[in-house]
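Note that ligands are numbered from 1 as they come in the structure, with each ligand's atoms numbered from 1 the same way.
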Amino acid sequence: MQIIRLKALSDNYIFVLYDTSKNIAAVVDPAEAEPVLKKLNQLQAELVAIFNTHHHGDHVGGNTQLMQKFPQVRVYGGIEDRGRIPGQQVFLQQGDRVQFADRIGEVIFVPGHTRAHIAYYFPPESAKEPGELFCGDTLFAGGCGRLFEGTPTQMVDSLNKLRDLPDNTRIWCAHEYTFKNLQFALTVDGNNADLQSRYQQVKLCRTQGEATIPSLLGVEKRTNPFLRYTEPQLQSTVNSKDAVQTFARLRGMKDRF
Ligand code: ZN
Ligand code: FE
């Protein structure tokens, strides 16, 4: 399974999963159809699946047009998103499995950004290889999604599920927000040496117009304040001893940043 990253809208990423042996493709969160159609045309591949993480327009905007072009395509999304994802045919919940290119993806229910949000996790094929996590707007490189329909408790539960995956998991999140996220992170976790060096690295990367996605879960655990709500250092920054309260206060600060 090859993963191809496409740019869309102002700062979205769309991921095309490509099965080279069968010449079929799947797409995660098609914000718009045009870049996907262009890539599929280049590959001469048939689109067989749309994996949506949640119902927001910048994640499902391309569904209808892609379905017109590929009438056989299956449209996947969370069960709680019934009625909100254009063309949805498969209604997924925690623990369900999806298949593409001889890989099995596990569905993780991660409410918080929206009440129906799911992530897709493809475990590694061998111990040396990374796993692949498509997490939409739940976990970002250096940050996390805003709470539109969920509570801090729900979001912490969701992030805990993602934090439990192996460190060598590639994080394919849906937006290029990394630099701004790390600017904020430095204001709350400024003594973190790993964070400082990541900030410099990402700054250089963005100056050169390069993407910072995918990132690695191990890096996120060391540098992303929204996975570090149990760290005494961050808890003392927001004057709390409680993980959920720490998360909620950090999220509130980020909303105003
Ligand atoms: Zn969203
Ligand atoms: Fe989004």
> Check whether any N, O or S atom of Asp58 sits under 2.8 Å from the Zn ion (ligand 1).
no
> Do any N or O atoms from the side chain of Asn63 and from the backbone of Pro86 form a donor-acceptor pair under 3.5 angstrom?
yes
> If we ignore angles and hydrogens, is there a donor and acceptor under 3.5 Å between the side chains of Asn52 and Asp81?
no
> Walk me through whether Asp19 and Lys22 qualify under salt bridge (Lys or Arg N to Asp or Glu O under 4.0 Å).
CA-CA 6 Å; Asp19 181 342; Lys22 295 198 192 86; 3.6 Å; yes
> What's the verdict on side-chain contact (heavy atoms from CB on, under 4.5 Å) for Leu217 and Asn168, showing C-alpha distance, side-chain angles and the deciding distance?
CA-CA 6 Å; Leu217 185 59; Asn168 191 21; over 6 Å; no
> Which atoms form the tightest heavy-atom contact between Tyr76 and Ala49, and what is the distance?
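The pair with the smallest heavy-atom distance is CE1-CB, 3.8 Å.
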> How wide is the angle at the Zn ion (ligand 1) between ND1 of His56 and NE2 of His113, to the nearest 10°?
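Vertex at the Zn ion (ligand 1): approximately 90°.
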> Considering only N, O or S atoms, which atom of Asp137 is nearest to the Fe ion (ligand 2)?
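Among the N, O or S atoms of Asp137, the one closest to the Fe ion (ligand 2) is OD2.
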> For N/O/S atoms only: which one belongs to Asp137 and is nearest the Zn ion (ligand 1)?
OD2
> Short check: any N/O/S atom of His54 below 2.8 Å from the Zn ion (ligand 1)?
yes
> Looking at the rings of His56 and Phe148, which for Trp means the six-membered one, are their centres under 6.0 Å apart?
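Ring centroids of His56 and Phe148 are less than 6.0 Å from each other.
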> Which atom, counting only N, O or S, brings Asp58 closest to the Fe ion (ligand 2)?
OD2
> Tell me the angle that NE2 of His175 and NE2 of His59 form around the Fe ion (ligand 2), rounded to 10°.
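About 110°, to the nearest ten degrees.
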